[in-house]
Amino acid sequence: MDSPIPDYLEQILSNVWDDTDGEVADYIPELAETDPSYLGAALCTTTGHLYSTGDCTVPFSIQSISKPFVYALALEEYGLDKVREIVGMEPSGEAFNELSLNRYDNRPVNPMINAGAIAVTQLINGVDSSVEDRVECIRAYFSQMAGRELRIVESVCESELGSTDRNYSLAHMLRNYDIISDEAHDAVATYVNQCAIEVTTEDLAVMAATLANGGKQPVTREKILSTQVCRQTLAVMSSAGMYDGAGRWMAAVGIPAKSGVSGGLIGCLPGQLGVATYSPRLNEEGNSVRGVRAFELLSNDMGLHLMSTEDRYNVHSIRNVEDTADATVIHLQGVLNFNAAESILYQLADYEWDRRRVVLDVSRVTETNRMGWKMMKEGLRRLREAGKDIAVVDPDDNLTNRTLSDGTEVPVRDEDPAEN
Ligand code: GLU
């Protein structure tokens with residue numbers, strides 16, 4: 001059976017195909033000469049399945065979509081405190097290349113505007129790194145994220161360097177306030193190289209899925225970034241990833257995202273998937289016109305909006321409660337997070353316990369988070385305090401920590417208790 005997902009993506013694209021609004025970026029010939037009709041989309045799940053359609057293998061320069069990835073690398077190398085010394089995390093509400101710094105401490109307000117991106121880039125590979133080594137470090141890391149060797153498009157670099165006075169002025173300003181120590185021309189050279197790394201829509205979907213997957217590349221399974229770094233990066237993308245259209249984007253689409261001047265656009269749905277689109281014509285904010293529309297359709301249709309209260313399915317966490325000869329067995333199922341634990345404990349609070357033993361069967365629990373399990377353990381401890389013998393059934397050894405708040409361990413019961 002062929003998967004219906006590429007056909008679904010194609011349907012989404014066919015809805016936006018006719019839209020010829022917007023203009024291709026024309027500040028360098030390499031972008032100005034791009035075929036404006038290119039249209040591609042790709043989706044990569046955190047389980048590593050990649051689906052794509054349209055012009056999804058056409059190469060283009062990554063441009064500003066490089067910014068969240070380099071920010072993540074800097075966080076990985078230095079930690080949040082150090083990175084926060086040179087760049088903030090507030091949305092700027094200004095254009096991406098605005099000559100603006102925070103008025104209190106002169107730091108760029110976030111890493112998604114050029115001033116912030118240039119400052120962050122200077123951290124990569126150590127502050128004393130040469131431009132060549134720093135660029136190579138970024139290229140190699142982007143290649144790991146994409147799962148294939150990426151290259152830098154020299155012609156894009158050269159053109160950018162010839163028309164990037166505004167970025168030079170940003171770098172001089174950053175030097176003036178001791179945010180960077182590199183020569184302004186070197187700082188911009190690194191940044192321009194990073195923007196000229198060549199990707200396809202498929203590459204971007206996989207790279208986005210890596211951020212959505214807590215830093216583990218879902219196809220190669222390589223762990224590249226920590227989960228905390230990804231969370232921080234996605235948080236900043238959600239408030240500042242879409243230039244000065246970030247607020248409207250979050251309201252309409254509701255997915256952490258980043259766009260670039262070449263027409264690429266990525267969205268990361270934490271724990272679920274990375275999506276990328278490519279269509280070179282841009283709106284006034286610099287975001288791809290058809291990309292934004294495709295994302296709006298995808299988000300509404302697939303129920304991807306992070307702030308939506310629709311499509312949040314909660315399975316009943318208690319599958320059933322069964323009284324066997326010597327024990328009351330509580331069979332759980334699904335995800336055991338705080339919400340699930342709350343509902344389980346709420347339901348069990350008034351239970352008439354006829355048996356002396358209480359057994360918690362987690363063999364059908366698919367995922368356990370720290371807080372959910374902590375609450376459940378405390379519930380078990382209180383049952384023991386009330387005179388019950390407690391135990392868990394955990395045939396797959398999913399419960400890594402069985403220590404209760406009083407220092408004792410919940411015993412494991414070996415046999416599978418009979419079930420209705
Ligand atoms: N190279 C571009 C610049 O910094 C990237 C801009 C963008 O993609 O928004 O001017």
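Bear in mind the structure is a predicted one, so any value in this text is a computation, not a measurement. In each ligand, atom 1 is the first atom listed, and ligand 1 is the first ligand listed. As a basis for the values below, the full set of heavy atoms in this structure was taken, side chains included, without hydrogen atoms, waters or symmetry mates.
Residues meeting the side chain to side chain donor-acceptor pair (under 3.5 Å) test with Ser143, sequence neighbours left out: Arg139. Qualifying side chain to side chain donor-acceptor pair (under 3.5 Å) partners for Glu158, counting only residues two or more places apart in sequence or in other chains: none.
Every protein residue with a heavy atom nearer than 4.0 Å to ligand 1 is included here: Tyr27, Gln63, Ser64, Phe96, Asn114, Glu160, Asn167, Tyr191, Cys195, Tyr243, Gly260, Val261.
Residue pairs that meet the side-chain hydrogen bond (donor to acceptor under 3.5 Å, both in side chains) test with at least one member in residues 34-43, sequence neighbours left out, are Asp35-Ser37.
A salt bridge is absent between Arg293 and Glu296; no separation between the charged side-chain nitrogens and carboxylate oxygens falls under 4.0 Å. Asp182 has a carboxylate O that lies under 4.0 Å from a charged side-chain N of Arg134, or vice versa, which qualifies the two as a salt bridge.
Note on ring orientation: taking the six-membered ring where Trp is involved, the planes of His172 and His185 are perpendicular (angle over 60°, cut-offs 30° and 60°).
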